[in-house]
**Q** 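Here it is: the structure, laid out below.
Heads up: numbering here begins at 1 and tracks the sequence.
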Amino acid sequence: MKKLFSLLLACMMLFLTACNQTPPNETTTGNLQNQDQPQNSELQDTIIRNGQSYFMDLPSRIVFQINHGTVYYYSKADGKAYVYCFDPLCDHSGGKCLANPDDNKNILEFELRCTFFINNRFYVVTTYGQIYSMAFDGSDIRIEYGEEEYVYGEFNYYLWSQNYLAYDKYIYIPTNADENEKYNLLRFNTETKEMENLTEKTGNFMHPVFFYNGEIYGGVRGQSGYGWYKADLEMKNMEAIEEPKLSNQFYGNLFWNSKFERIDSKTKNYLGLESYDMKTGETKLFTNEMLGLEDNYRYSILCVDENYIYFTQNREEQILIGTRPPAANGRINKVYSNETGKLYRMKHDGTECTLIYDNPNFEFKSLDAVVCGNKLIFQGQEYATGADGYLFYTFGGMLVGTMGEDGKFEKLEMLEFVY
């Protein structure tokens with residue numbers, strides 16, 4: 001029988017061999033709304049919901065993965081992006097480094113949203129019940145939990161549910177239903193290497209969604225729908241709560257959402273932006289009128305940092321923006337978009353709402369971004385119509401907008417990649 005893990009580990013040792021220069025150690029401070037783990041003193045009044053962002057914001061660099069494949073890092077020192085490999089002789093082929101992991105299908109699983117940075121190490125959780133870790137430069141791979149060897153076809157790829165979260169030194173792992181249709185919540189201690197089954201110990205279970213002030217917030221799907229609960233970190237005391245106004249966009253103790261009221265099954269009236277304070281339970285509505293924004297548009301939050309909320313303007317309905325050259329069968333390819341190409345930012349108290357970018361031929365390709373100093377890094381693309389009347393894209397991909405003192409983009413350019 002073919003022993004899978006021996007092959008996997010050998011490939012992974014090559015896969016994560018370092019391709020530029022050896023990076024320094026990182027501390028565990030940074031943007032807590034992404035996947036960096038805070039110190040104990042920083043856990044109070046702070047929402048922690050890791051695994052939700054395309055970006056992992058570390059003190060010296062920002063790690064990101066494109067299309068669940070190639071992993072890069074943006075250097076805060078020189079403003080360039082590098083493949084996550086530090087061997088100058090590596091050609092990034094054969095699946096032996098993070099530059100091109102899809103080139104080899106036999107490597108260990110790697111997905112950024114299932115990766116956590118704890119005590120200066122990356123911890124990667126796999127669906128088939130294994131946890132491995134590596135140093136910041138991808139070296140020193142260790143199997144932290146799970147079997148040393150696996151055989152193809154003889155292990156369950158979906159043993160764990162992939163809704164993993166990390167808090168302090170712990171990784172929380174909900175399992176899929178077992179043969180008795182029972183779900184369990186596991187907790188892995190990265191210091192002691194102990195795996196606990198919190199459900200077996202307490203009889204309680206939930207799917208963790210986020211943490212706040214040393215408590216787990218999550219839900220349980222039952223016959224009457226999805227119920228929300230909170231519990232202590234050991235799951236000993238679990239109580240039902242009202243559904244929180246959670247969002248993928250948050251900072252500190254505030255969740256941020258686009259606020260709307262439903263008119264009918266097909267129509268929504270968008271009112272503006274809304275914050276929800278986990279500390280006080282207070283909800284604040286920043287109406288379009290208060291912010292000087294246009295009505296009848298949906299405003300979608302791109303990211304939040306310690307000072308500002310960055311958000312885009314979208315139409316409720318998509319409109320035709322052009323056509324692409326006909327396909328081989330003669331079919332006309334129509335292209336639609338609901339983007340207006342407008343990007344705003346405002347302070348957390350609703351003041352200084354500013355239009356920082358306005359390009360009617362621009363599309364923001366994901367509701368995710370990261371701020372680094374006076375730069376905003378995000379995915380987008382610009383389109384135009386050629387002399388033949390067909391739509392084409394002038395530039396796009398991972399972009400960097402440099403903001404001036406007034407917050408407006410002084411320039412927008414493609415992120416420079418160094419291979």
Side-chain angles (χ1 to χ4, degrees), residues 31-35 37-38 40-53 113 116 125 160-177 181-189 196-262 268 271-286 301 304 309 348 367:
N31 188 343
L32 305 184
Q33 76 179 54
N34 293 312
Q35 292 172 300
Q37 290 302 298
N40 288 331
S41 61
E42 297 172 319
L43 297 177
Q44 297 300 311
D45 297 331
T46 300
I47 298 164
I48 297 176
R49 191 183 186 194
N50 31 48
Q52 300 299 311
S53 176
R113 72 183 183 87
F116 307 98
V125 186
W160 293 344
S161 74
Q162 290 191 301
N163 296 316
Y164 319 126
L165 290 178
Y167 186 90
D168 194 22
K169 61 185 177 182
Y170 298 106
I171 302 173
Y172 288 78
I173 304 167
T175 70
N176 290 318
E181 297 187 358
K182 182 180 179 181
Y183 296 89
N184 292 275
L185 181 60
L186 311 180
R187 185 176 71 171
F188 180 73
N189 186 324
E196 302 173 88
N197 188 324
L198 299 180
T199 300
E200 283 189 354
K201 286 185 174 183
T202 67
N204 294 324
F205 170 81
M206 72 166 74
H207 286 282
V209 177
F210 67 95
F211 299 91
Y212 182 74
N213 274 358
E215 293 183 304
I216 312 170
Y217 288 74
V220 178
R221 188 172 299 281
Q223 294 182 348
S224 58
Y226 198 79
W228 279 89
Y229 297 84
K230 72 174 182 177
D232 59 276
L233 296 177
E234 286 73 36
M235 291 290 292
K236 294 179 181 178
N237 300 302
M238 182 171 163
E239 62 179 279
I241 60 171
E242 293 185 2
E243 181 177 355
K245 297 182 179 180
L246 77 162
S247 166
N248 287 343
Q249 301 297 346
F250 50 89
Y251 197 93
N253 54 304
L254 296 177
F255 280 113
W256 290 89
N257 286 285
S258 175
K259 177 65 174 178
F260 67 89
E261 60 181 1
R262 184 171 293 280
K268 297 176 183 176
L271 305 176
L273 302 180
E274 182 181 73
S275 69
Y276 175 73
D277 191 328
M278 285 293 299
K279 186 175 184 179
T280 65
E282 181 182 8
T283 299
K284 289 184 180 179
L285 175 62
F286 302 90
I301 300 172
V304 183
I309 296 90
H348 290 201
L367 289 180

**Q** To check you understand the geometry: which heavy-atom pair defines the closest contact between Lys245 and Asn257, and what is its length?
**A**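 Minimum heavy-atom separation between Lys245 and Asn257: O-ND2, 3.2 Å.
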
**Q** State, to 0.1 Å, how close Asn253 and Asp277 come at their nearest heavy-atom pair, and which atoms those are.
**A**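 Distance-wise, the nearest heavy atoms are ND2-OD1, 2.5 Å.
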
**Q** Rounded to the nearest 0.5 Å, what separation is found between the CD1 atom of Ile216 and the CD atom of Glu234?
**A** 8.0 Å

**Q** Please find the pair of heavy atoms, one from Ile301 and one from Ser258, that lie closest to each other, and give the distance.
**A**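 Heavy atoms only, the tightest pair is CD1-N, 4.4 Å.
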
**Q** How long is the span from the CG atom in Asn197 to the OG1 atom in Thr202, to the nearest 0.5 Å?
**A**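 Asn197 CG to Thr202 OG1: 8.5 Å, rounded to 0.5 Å.
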
**Q** Test Tyr229 against every option in Met235, Glu239, His207, Met206 by the side-chain contact (heavy atoms from CB on, under 4.5 Å) rule and name the one that passes.
**A** Met206

**Q** Working to the nearest 0.5 Å, report the span between CG of Leu273 and NZ of Lys259.
**A** 12.0 Å

**Q** Step through the shown structure and confirm whether more than 12 heavy atoms of other residues, nucleotides or ligands are within 6.0 Å of CD on Glu261.
**A** yes

**Q** Looking only at heavy atoms, what is the nearest atom pair of Phe250 and Trp256, with distance?
**A** CA-CD1, 4.4 Å

**Q** Please check if the side chain of Ser275 supplies one atom and the backbone of Leu254 the other of a donor-acceptor pair under 3.5 Å.
**A** no

**Q** For the atom pair CG (Asn204) and NZ (Lys236), what is the distance rounded to the nearest 0.5 Å?
**A** 11.5 Å

**Q** Could you measure the distance from the CZ atom of Phe286 to the CG atom of Leu271? Nearest 0.5 Å is fine.
**A**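 Between Phe286 CZ and Leu271 CG, I get 14.0 Å after rounding to 0.5 Å.
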
**Q** Quick check: closest heavy atoms across Asn176 and Tyr183, and the distance to 0.1 Å?
**A**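 Of all heavy-atom pairs spanning Asn176 and Tyr183, the closest is C-CD2, 3.9 Å.
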
**Q** Please determine whether side chain to side chain contact (heavy atoms under 4.5 Å, CB included) holds for the pair Tyr172 and Leu233, giving the CA-CA distance in whole Å, both sets of side-chain angles, and the decisive distance to 0.1 Å.
**A** CA-CA 10 Å; Tyr172 288 78; Leu233 296 177; 3.4 Å; yes

**Q** Among Phe116, Phe211, Phe210, which residue meets the side-chain contact (heavy atoms from CB on, under 4.5 Å) test with Tyr167?
**A**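 Only match with Tyr167 under side-chain contact (heavy atoms from CB on, under 4.5 Å): Phe211.
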
**Q** For residues Val209 and Tyr217, determine if any side-chain heavy atom of one lies less than 4.5 Å from a side-chain heavy atom of the other.
**A** no

**Q** Distance-only, no hydrogens or angles: does the Asp232 side chain make a donor-acceptor pair with backbone N or O of Glu215 under 3.5 Å?
**A**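 Answer holds: no.
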
**Q** Looking at side-chain heavy atoms only, is the closest gap between Pro244 and Trp228 below 4.5 Å?
**A** yes

**Q** With a 4.5 Å heavy-atom cut-off, do Leu198 and Leu186 have their side chains touching?
**A** no

**Q** Determine the minimum heavy-atom distance between Thr46 and Tyr212, stating which atoms define it.
**A**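 Nearest pair, atom of Thr46 first, then Tyr212: N-CE1, 3.6 Å.
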
**Q** May I ask you to test the Arg49-Leu246 pair for a side-chain heavy-atom distance under 4.5 Å?
**A**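 Arg49 reaches Leu246 side chain to side chain.
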
**Q** Parallel, tilted or perpendicular: which describes the rings of Tyr251 and His348, with under 30° parallel and over 60° perpendicular?
**A** perpendicular

**Q** To the closest 0.5 Å, what do you measure between OH (Tyr170) and CD (Glu196)?
**A**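 CD of Glu196 is found 6.5 Å from OH of Tyr170.
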
**Q** Quick one: does Leu367's side chain get under 4.5 Å of Asn248's, heavy atoms only?
**A** no

